[in-house]
Structure formats: structure tokens, C-alpha cells
There are 2 protein chains.
Amino acid sequence: MAVRPQGPARRRSAAATRQAISEAARDLFADSGFDAVGIRAIAAHAGVDAALVIRYFGSKERLFLEVMAVDLPVAAVMDGPLESLGQALVEHVLDLSSSRAGTLAVTSLSALFRASERAPVQQTLREIIERAFAVPLVGRLRGGDAELRAHLIAAQIGGLLTSLHVVQDPVLGRADRASLAARYGAAIQCLIDGED
Amino acid sequence: MAVRPQGPARRRSAAATRQAISEAARDLFADSGFDAVGIRAIAAHAGVDAALVIRYFGSKERLFLEVMAVDLPVAAVMDGPLESLGQALVEHVLDLSSSRAGTLAVTSLSALFRASERAPVQQTLREIIERAFAVPLVGRLRGGDAELRAHLIAAQIGGLLTSLHVVQDPVLGRADRASLAARYGAAIQCLIDGED
DNA sequence: GTCTATAAGTCGATAGAC
DNA sequence: GTCTATCGACTTATAGAC
């Protein structure tokens, strides 16, 4: 085996270092929020030096934006039949927490939400909503005010998500999946159907 | 006139000092959030010394909780007729921003939402929801799952409030009051009516 | 490519003089 | 009741050695 080169520590490829920082930041930001997580903690968690975090990402805020800008994984259910989309959407949202990817999306969204006094974070949130709801829905909705209705549906889903994961409403936590999907699904269906 | 006593600065009554700190904290927290506002800034804004802020309120977090725990002023509309409560509720929420007290409630609520990774803040939010929605609604709703439905209505209003004031969705910002109240009001009415 | 060292500043909270 | 002074720890970000 070749002896290690003269660098102060073991080398990794640039890509591997970047990725390690990315993953550490994602995990820490997602469960403690932007302000509570320092660059030192991210570096320690990634096994790199704190200066590298800035070197690779420019600033803590840019790192946050790059790492938390996930898409809400609802594309599949949004293409389903319109007549039962309300209930299907709620079921899908309730099931997010049982997959690793879903949990990550939900915790990232909560972190974005909590950091939304920063203008670029707010912009990121708007883009996520636009991609997840407005884009797939506006063309499909019958009746007037399609764009408004799509954004109101996004507001409803946002309300459900924040009640579940930000406020952590105990009544919603105790409720069974079926009644929750039926009740809230019906309210969303109301906006899908339109009926002007 | 009696000469001023030997204190290092002009005296105020304890109550007046407390109130000055309270008001400064309320304003600053409401438009910049918990983390972004330091004790020194609050003190400067109130015209007092930074040490007094801690002396009077114990800690920055206790000050935040005491000052931001407002009630959402919806009691009046919640007692209105059930058949049109959905639309009335949305109209009321949309009109909050045109009164001083309403704006204060909305910005305080936004600040609480954004600081909700702290357990006591989360608890405060739950109590606000309980008082504003569950208490006045549970007894009045006909049909099953009254408690669940009341909390889902709270989730819907929460979604509307956060879309308007936290995310600041531009589509909702541009929409006219009447269509917004009609569309979202109908969706809320759906949960009020029940129809199991 | 990775490190040490440090700049330059913030923070919440406390002790004690007056 | 109000102040000064300060503790101790933290922050983001940079400069430059290796």
C-alpha cells in the first residue's frame, strides 16, 4: 500500500466531502431548524472542518436553501382520478411519515416553514407549492378560478401538514386514518369539484 | 417641585417599565421573530437597560411567551349562524389585517408558528387553537366526530392564515375577497355540515 | 484539499454598585 | 428601581500555512 500523501489529514474527493456536508446539514437542519444549528455542528457531524462548509457552500443560508429545497412527493397521486382526489391526497399526506423519503420531505418542509421570515426561504416555499399543486392541477380543474382553487387546495394541505407536524395537534394525532381522510378529503374535494 | 432622587436615571414606576418592555418586545418579535431579536434590541426600543428585561421577565423565552400569547379574535363570528359560518369565518380572517388588533394577532401568530420548535411555544399554539375553535364549536356541531371536525376546521383556517401571511402566496394575495370567501368558505362549510 | 488560527462580533444572563 | 461591567460561550466568515 502506498503511504499517505503529505496533507494534514486523510483526503476525500471533493464530491464526497460536499456530499457529507450536505447530508449532515440536511439531518441537523431538519430536526433543529436553521438558527439552532451552527456551522461547527454541521462540520463535526460530517467529519470535516468547519471552514470547508463555507468554502463549499458560500454561506450557511445558501447551504440551507440548497439542502432543504425538496419537492413534496405528491406527483403520483395528483395524476389520479379527480372524483376521489381529495381523499387520496389526504391519505397520501398521512402516509408520508411512514417512508424515509416522506419523513425527510415533511421535516424539511417544517424547517423551511419555520425559517420563512427570510425572503429567499419564502420564495423557495412558493416554488415548492407551485410545482406540487399549481402545475399539476390548474390544467385539470373544471370550472372557474382554477388557479385560485389550486392554491387554496395547497393552503388546505399546508394546514393539515402544519397541524400534524408543526403544532402537533393531539386530536389529529389520535384520530384514525380513515375518518381523517374521509372528513378532510371531503373538504378538499369541495374545491376540486368547484360548483360555481 | 421636589428634586429628583439620587438614582442614576429618571425613575418610572415598575408597572410602566414592565409595560414599555412588553410593548417593545411584542413589536420586535412580531416582525422579526424570536431568534432575530436580542435582549439588547428590546431594551433599546423600550428605552430601558438590557438587564431590566431579564430582571422583569426572567428569560427571553418567558418574555416571548407572555407577550405573544394572544387570542385569535374570532369569538364573535363563531357564535353566528351555522349555515353560513364557513364563508363568514373566511371573511373575518381576511379582514383581520385591516384592524390594528387583528394585524397584531396575525403577526404574533406567525411568530409563534415560526418559533414552534420550542415545546412551550407549541403548547401555547395548541391552547390558542383549543380556545378559538374547539371550545366554541364542539358543542354546536351536529353529527359525529365533532371534536375532530372542529380541529380540522382549525387546520383549514391555519392553512389559510399561513398561506396569506407566512408563505405570502401571491395568487391568494391577488384574488378578490368575494371569490376567496366563497371558495374557501364552501370547503370549510363542508366540515361544519358533516354529512356522515 | 484540508487544516489552524483568528477576526470581529453577537448572544443571554448575572453580580453588585448606587 | 436602575445602572455599569462583565462573564463565558457562541457565531459566521476569512487568511493563510501545509
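Letters A, B, ... mirror the listed sequences (proteins, then strands); counts begin at 1.
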### Task
Please assess B:S116 against A:R114 for the test side chain to side chain donor-acceptor pair (under 3.5 Å), listing each intermediate value before the final yes or no.
CA-CA 7 Å; B:S116 62; A:R114 288 181 174 130; 3.0 Å; yes

### 4.5 Å side-chain heavy-atom contact, B:R177 and B:D95
yes

### Message
Could you tell me how far apart B:L52 (CG) and D:dC3 (C1') are, to the nearest whole angstrom?
### Response
8 Å

### Rounded interatomic separation in angstrom, taking CG from A:D35 and C1' from D:dC10
13 Å

### Task
Could you state the atom-to-atom distance from CD of B:E61 to C1' of C:dA13 in whole Å?
14 Å

#### Entry: Separation of D:dT11 P from A:L28 CG (nearest whole Å)
12 Å

### Query
Looking at D:dC3, C:dA13, D:dA15, which one has an atom nearest to any side-chain atom of B:A51?
D:dC3

### Message
Within the 4.0 Å heavy-atom criterion, would you say B:V37 contacts the bases, only the backbone, or no part of the nucleic acid?
### Response
sugar-phosphate

### Query
To the side chain of A:T17, which of D:dC3, C:dT2, D:dT14 is closest?
C:dT2

### Message
Just the rounded figure in Å: distance from C1' of C:dT10 to CD1 of A:I39.
### Response
15 Å

### Summary
In whole angstroms, the gap separating C1' of D:dT4 from CD1 of B:I54 amounts to 16 Å

### Candidate nucleotides D:dC3, C:dG12, C:dC3, ranked by approach to the side chain of B:K60 - the nearest
C:dG12

### Task
Evaluate the ring planes of A:F29 and A:F34, with Trp represented by its six-membered ring, and classify them as parallel (under 30°), tilted (30 to 60°) or perpendicular (over 60°).
parallel

### Message
Whole angstroms only, please: what is the CZ-P distance between B:F57 and C:dG12?
### Response
15 Å

### Query
Below 4.5 Å, heavy atoms only, C-beta onward: do A:L85 and A:L137 meet side chain to side chain?
yes

### Message
Starting the side chain at C-beta, find the nucleotide from C:dG12, D:dA13, D:dC3 nearest to B:R40.
### Response
C:dG12

### Message
How many whole angstroms separate atom CG of B:D49 from atom C1' of C:dG16?
### Response
13 Å

### Message
Could you check whether B:D176 and B:S179, counting side-chain N and O atoms only, form a donor-acceptor pair closer than 3.5 Å?
### Response
yes

### Message
Can you see if the side chain of B:Y56 gets near the phosphate of D:dT2 - specifically, an N or O under 4.0 Å from OP1 or OP2?
### Response
yes

#### Entry: Check: C:dG1 base within 3.5 Å donor-acceptor of A:R55 side chain
no

